[in-house]
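All heavy atoms count here, side chains included; hydrogens, waters and symmetry mates do not. Below, read A as the first sequence line, B as the second, and so on, with proteins coming before strands; counting in each chain starts at 1.
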Amino acid sequence: MVEFHNINKSYGENEAVKDVSFSVGEGELFGLIGPDGAGKSTLFRILTTVLLADSGNVLFNGKDVVADYKYIRENVGYMPGKFSLYQDLSVTENLKFFATIFNTTIDENYELIKDIYQQLEPFGNRKAGALSGGMKQKLALSCALIHKPKVLVLDEPTFGVDAVSRKEFWDMLKSLKAKGVTILVSTPYMDEAELCDRIALIQKGRILDINTPKGIVEQFERQLFIVSNVAIYPALQALENNPATQNAYSFGQEIHVYADEITSANAIKQVLENGGLKNPEVSVGTPNIEDCFMDLMVRGNLEESAHA
Amino acid sequence: MKQFLAFVRKEFYHIFRDKRTLMVLFGMPIAQLLLFGFAITTEVNNANIGIYNQSPGQFSNDLVQRMTGSDFFRLSANINSEAEMLEAFQTNKLKMVVVIPPKFEQNVTAGNAKIQLIADGSDPNLATILTSSAEAVIMTWMKERAGTNIQIETIDPQVRWHYNPELKSAEMFVPGVVTIILMLVSAMLTSISITREKELGTIEILYVSPLKPAVIIVGKVLPFAILSIINAILILLVAWLVFSVPVNGSVVLLLFEMLLFIMTSLGLGVLISTVADSQQTALMLSLFGLMMPTILLSGFIFPIANMPLPLQVISNIIPAKWFLIIIKNIMLKGIGMAYIWKETLILLGMTAFFIGVSVKKFKIRLQ
């Protein structure tokens, strides 16, 4: 449904996207996972025809996004990263406006947005600017869906939204997917990655890996140890000073260690105790997406510095 | 068409829900009109003058009475010494002092009387106006005495002002204010309203929609065109009712020319929005790029003929200059198209140019 071929894009000196290729199948829920500044928005803007790539091309349902931009503009539903509705217009006025400029009406495609919009209807006369974060996002989604797009492109839709609303939002995406809408979504939240059919991990404009969430986790080749009950900073220092445990990262109150040579929790414990930490607890863990991302990122950086 | 109407409706929502836009739209014309009408005036009313009469008598008293009896002057101090006079000037109490020298009474009958007018030159314009007004009053007074036994040799310049015989400043400023308001409302508000969409990111979803650029541009421009015409009519009404400035020529022609000038300004507004990325920049560009030249170089305040040659040349590219000629001709001289077709053509050309360039420069993508 959507194919990116060798996309490059720079803003002046800054290379935002480097040789990115991937494709998304019809009806797929595809996630672009990466930190801020990784190039997610740039890729989405190229797909939605508002930015031109320096090189490479993107096909949308077989049509080129540059030559046939009018087709894409009629058939894509786009929700930019920044809340981009009219804050001084009410909920209903916003939805009506977007329905009309896409040559449709609310009634015509009500079925598609029904579940989402029903939650908003009690606030129909409220100005969009006065809605809560979760409500704003539901309205934005309704507006992006009102013309029944073939592909829905959502740029960090859950950014700055509370946990309950985030979960609701992903439930909505699931039900939209069930209705046959192809969805591309980007997020900095690793926990959301697991809700996608397939994900691309992206960092500094490069794709690190593309796979199903399960596939990504299965590729993790190292041993993961989880360290707890220690002061984070001295423990990190102690681990990083030892070449065998140098890949250690803090995850909240825990430290995740990715090791190649060491295979037992006791060996890690030893490193920590040698570093002067008392009673550390170390256990073997199952890697999640974030672990995979961190690991891929470190390897990518190593390769890059090797090249340099 | 439905798309277009929805877009225009949305624009009206924006305008009527934003207090600042409403203020600029309707508050400013009124404020400007009243400011120019009542405060910034070149007429002199009730200027404070002093009399230093060193020769009290029948003639001098009569003259003083004549002077202070007019609307121009108000006698606010009788001066008794030179020091007193200086102090009055320094404390800004007086703008002019009429000095009647000793032996004035005898000299009047002898035919060689002199009067000294001392004005505060720190405001040269005012000083000129005051002294010439005073001279006029004195001259008239002398003439009236002519039938009696006083012989005075004077030059009597005959001046007549056409079109604005009483030199009323309202007739000077109304065309200027109309010009500024039309320019400001049309260009500034349009450019701000387009850049606001850029700033808030809403332009991005407008791009990713089947809306054609022409629909966006015309949809943005039309509400301001309508409101500007209403504004112009309001200003003309106020000018007529409050300052009794009539439209001597054809009102229909005037409205047509106004519409043309509004189009020119809207074109400029769209043009500004294609280069400005934020509302702030658009505002600055409108104020310094449009307002200042419009006020200073259009001939509204400073006559173009008095400008140095380079500025005279530059004034030709100021649309307001041409519109000001048109509107003055229609409003004050009451003449028709036969005399202003050249200026109209120039404005038409400028409008076509601005709109052409803006449509060409209007982007269909970011950056």
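In this structure, chain B has a heavy atom under 4.5 Å from the side chain of A/Phe98, while its backbone stays farther away. When heavy atoms are compared at a cutoff of 4.5 Å, A/Leu85 approaches chain B by way of both its backbone and its side chain. Residue contact with chain A, scored on non-hydrogen atoms closer than 4.5 Å, involves the backbone and the side chain of B/Ile364 alike. For a residue to count as touching a neighbouring chain, one of its non-hydrogen atoms must lie under 4.5 Å from one of that chain's; by this rule A/Glu93 touches chain B with the side chain only. Both the backbone and the side chain of B/Phe7 come within contact range of chain A, with heavy atoms under 4.5 Å apart. Neither the backbone nor the side chain of A/Lys70 comes within contact range of chain B; no heavy atoms are under 4.5 Å apart. With a 4.5 angstrom heavy-atom cutoff, A/Ser90 touches chain B only via backbone atoms. Using a 4.5 Å cut-off between heavy atoms, A/Lys127 contacts chain B through its side chain alone, with no backbone atom that close.
Between the side chain of A/Asn109 and the backbone N or O of A/Ile146, at least one donor-acceptor pair lies under 3.5 Å. With hydrogens and angles ignored, the 3.5 Å screen pairs no side-chain donor or acceptor of B/Ser186 with any backbone N or O of B/Met183.
Here the CG-CE distance, from B/Leu253 to B/Met258, works out to 11.0 Å after rounding to the nearest 0.5 Å. To the nearest 0.5 Å, the span separating OG on B/Ser286 from CD1 on B/Ile272 amounts to 4.0 Å. With values rounded to the nearest 0.5 angstrom, A/Lys148 atom NZ is found 12.0 Å from A/Ile113 atom CD1.
Ranked by heavy-atom pairs under 4.5 Å with chain B, the list A/Leu89, A/Thr48, A/Asn94 is led by A/Leu89. Contact count versus chain A (heavy atoms, under 4.5 Å) is highest, among B/Val208, B/Leu200, B/Leu206, for B/Val208. Note on A/Thr100, A/Ile101, A/Thr49, A/Asn103: by heavy-atom pairs under 4.5 Å with chain B, the leading option is A/Ile101. In terms of non-hydrogen atom pairs under 4.5 Å with chain A, the most contact-rich of B/Lys2, B/Glu197, B/Gln3 is B/Gln3.
Partner of A/Phe60 under the side-chain contact (heavy atoms from CB on, under 4.5 Å) criterion, out of A/Val153, A/Thr182, A/Val151, A/Asp68: A/Val151 alone.
Inspection of non-hydrogen atoms places B/Tyr13, B/His14, B/Arg17 of residues 13-22 of chain B under 4.5 Å from chain A.
When all heavy atoms are compared, the tightest approach of B/Ala276 to B/Thr195 is O-CG2, 3.3 Å.
Between the side chains of B/Ser191 and B/Ser273, not a single donor N or O lies within less than 3.5 Å of an accepting N or O.
Open room surrounds CZ on B/Phe353; 12 or fewer heavy atoms of other groups in view lie less than 6.0 Å from it. A/Lys96 NZ: 12 or fewer foreign heavy atoms inside a 6.0 Å radius.
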Determine, stepwise, if the pair A/Thr158 / A/Glu192 fulfils side-chain hydrogen bond (donor to acceptor under 3.5 Å, both in side chains).
CA-CA 9 Å; A/Thr158 54; A/Glu192 292 180 343; 2.8 Å; yes
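Between A/Lys179 and A/Glu111, none of the side-chain N atoms (NZ, or NE/NH1/NH2) sits under 4.0 Å from a carboxylate O, so this pair counts as no salt bridge.
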